[in-house]
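These notes concern the structure reproduced below.
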Protein chains: 2
Amino acid sequence: MGSPLPRDPIADAQRNWERHGWGEVAAPMAAITAIMRTQQILLARIEGVLKPFGLTFARYELLALLSFARSGALPMNKASALLQVHPTSVTNAVDRLEKAALVVRSPHPTDGRTTLIELTAEGRTLAKRATTALNNEVFGRSGFGDEDVEHLIRVLGDFRKAAGDFTD
Amino acid sequence: MGSPLPRDPIADAQRNWERHGWGEVAAPMAAITAIMRTQQILLARIEGVLKPFGLTFARYELLALLSFARSGALPMNKASALLQVHPTSVTNAVDRLEKAALVVRSPHPTDGRTTLIELTAEGRTLAKRATTALNNEVFGRSGFGDEDVEHLIRVLGDFRKAAGDFTD
DNA sequence: GCAATATACTAGGACATCCAAGGGTTTGGA
DNA sequence: TCCAAACCCTTGGATGTCCTAGTATATTGC
């Protein structure tokens with residue numbers, strides 16, 4: 001999107017924070033800002049790999065989730081909970097996936113309120129192909145060292161748990 | 001948005017990856033997914049704090065950036081580069097900030113292509129108040145330990161540099 | 001058994017991000 | 001000098017996220 005900057009803008013922000021008397025929180029501010037930016041970079045890479053498949057990350061996540069469900073189907077509310085996104089976001093993703101014939105909506109057998117999302121054969125195939133691409137082109141070349149990966153999993157896991165994501 | 005899950009969905013995904021023969025990349029996948037989710041949680045907290053000020057994070061970042069510029073003004077392309085977002089995102093943010101009378105657009109004195117964004121008095125005041133709130137309610141209570149913060153800054157800094165964000 | 005409450009999904013709206021294109025301004029090489 | 005290439009900002013369109021209702025179906029409690 002732009003050429004490299006001569007200096008790290010987040011390190012600069014951290015210095016500005018310190019210079020203005022916020023030294024106490026300058027480091028956490030920098031860490032949080034770095035997380036935001038890293039997410040942006042990673043998302044762009046992922047979307048780039050998924051584009052040829054006609055998928056976005058949101059839709060891919062749903063496909064992948066369904067592909068791991070024993071029956072290949074899940075209630076929408078379950079998907080919303082597991083993906084940790086708003087129910088309307090799932091509705092949105094399912095609308096588009098259904099248009100692409102990758103999933104189908106079907107009524108829940110016993111609960112009339114619930115809608116099941118079911119993977120189609122094409123959906124399952126595409127999920128597999130997209131997963132291979134992502135693993136080869138993004139996750140397999142994350143740029144993070146093995147130790148850093150372990151550290152990230154632990155630190156962010158603790159954070160997410162403290163934030164109320166899960167009990168465990 | 002939902003109540004806590006009984007189990008960590010990312011740890012489950014990692015197990016699924018391993019179970020399907022992707023053990024090599026399961027850990028980086030989990031780390032990356034954790035970064036995405038952590039960003040989502042942090043963004044929600046930040047937006048929650050900024051809402052009373054009538055600000056979003058994107059607009060706040062622009063205000064904060066301007067407040068650190070000596071003259072309180074910056075060219076739009078400079079802001080785009082420093083915030084590392086697409087130029088159209090800056091246009092969008094400036095449109096709204098200008099409607100709220102927090103910034104003003106003015107022509108660049110020597111380059112007719114460039115537009116300067118300038119902080120108004122209210123903009124400067126609001127930036128200061130919002131910064132205090134964010135520092136007290138988010139950055140000051142990040143939930144990350146001091147060592148983890150240092151580690152995050154280093155690891156993500158290396159990642160961003162490798163991704164081409166800056167030279168330094 | 002029936003009304004009140006809780007749940008599930010969807011429609012509409014506000015925002016943010018990016019990409020593709022278009023119009024105006026500068027710069028640089030022929 | 002002058003025109004093509006480069007640069008800057010904006011408009012319009014596609015997506016995604018969330019929130020706030022609104023409708024339909026289940027569950028609960030009296």
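In what follows, chains are A, B, ... by sequence order, proteins preceding strands, each numbered from 1. Keep in mind that what you see is a predicted model, and the values were worked out from it rather than measured.
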* List in numerical order all residues of residues 128-137 of chain B for which some heavy atom is under 4.0 Å away from an atom belonging to DNA chain D. => none
* Structure fact -> side chain to side chain donor-acceptor pair (under 3.5 Å) filter on A/Asp95, not counting sequence neighbours, yields A/Arg105
* Taking only residues two or more places apart in sequence or in another chain, which ones pass side chain to side chain donor-acceptor pair (under 3.5 Å) with A/Asp158? -> none
* What is the 5' to 3' range of DNA chain C, first to last nucleotide, that sits under 4.0 Å from any heavy atom of chain B? -> C/dC15 to C/dT26
What is the distance from [atom1] of [X] to [atom2] of [N], rounded to the nearest Å?
{"X": "B/Lys51", "N": "D/dC19", "atom1": "NZ", "atom2": "P", "answer": "8 Å"}
{"X": "B/His108", "N": "D/dC9", "atom1": "NE2", "atom2": "P", "answer": "9 Å"}
{"X": "B/Arg45", "N": "D/dC18", "atom1": "CZ", "atom2": "C1'", "answer": "17 Å"}
{"X": "A/Gln84", "N": "D/dT17", "atom1": "CD", "atom2": "P", "answer": "13 Å"}

* **All ring pair (Phe, Tyr, Trp, His ring centres under 6.0 Å) counterparts of A/Phe68, not counting sequence neighbours** => B/Trp17, B/His20
* Asked: If you take all heavy atoms of A/Ala133 and A/Phe53, which pair is closest and at what distance?
  -> CB-CE1, 3.6 Å
* Structure fact -> In terms of heavy-atom contacts, A/Ala79 and A/Ile117 come closest through CB-CD1, 4.1 Å
* Between A/Thr115 and A/Gln40, which has a closest nucleotide on DNA chain C that is more 5'? -> A/Thr115
DNA chain C-proximal residues of [range], any heavy atom under 4.0 Å:
{"range": "residues 86-93 of chain B", "result": "B/His86, B/Thr88, B/Ser89, B/Asn92"}
{"range": "residues 72-82 of chain A", "result": "A/Met76, A/Asn77"}
{"range": "residues 52-71 of chain A", "result": "none"}

Which pairs, protein N/O on one side and nucleotides 23-27 of chain D N/O on the other, fall under 3.5 Å?
{"unit_1": "D/dT25", "atom_1": "O3'", "unit_2": "A/Gly112", "atom_2": "N", "d": "3.4"}
{"unit_1": "D/dA26", "atom_1": "OP1", "unit_2": "A/Gly112", "atom_2": "N", "d": "2.5"}
{"unit_1": "D/dA26", "atom_1": "O4'", "unit_2": "A/Arg113", "atom_2": "NE", "d": "3.2"}
{"unit_1": "D/dA26", "atom_1": "O4'", "unit_2": "A/Arg113", "atom_2": "NH1", "d": "3.4"}

* Is there side-chain contact between A/Ile32 and B/Ile46, with at least one heavy-atom pair below 4.5 Å? -> yes
* Structure fact -> Sorted by chain and number, sequence neighbours left out, side chain to side chain contact (heavy atoms under 4.5 Å, CB included) with B/Ala27 holds for A/Val149, A/Glu150, A/Ile153, B/Gln14
* For residues 10-31 of chain A, which residue pairs qualify under salt bridge (charged side-chain N to carboxylate O under 4.0 Å, His left out), counting only residues two or more places apart or in two chains? -> A/Arg7-A/Asp12, A/Asp12-A/Arg15
* **Qualifying salt bridge (charged side-chain N to carboxylate O under 4.0 Å, His left out) pairs with a residue from residues 32-41 of chain A, counting only residues at least two apart or across chains** => A/Arg37-B/Asp165
* Quick check: are there more than 12 heavy atoms from other residues, nucleotides or ligands sitting under 6.0 Å from CZ of A/Arg141? -> no
* Flag the pair A/Lys161 and B/Asp8 as a salt bridge only when some basic side-chain nitrogen lies within less than 4.0 angstrom of an acidic carboxylate oxygen. => no
* Indicate yes or no for a side-chain donor-acceptor contact from B/Gln84 to the backbone of A/Pro9 under 3.5 Å, with no hydrogens or angles considered. => no
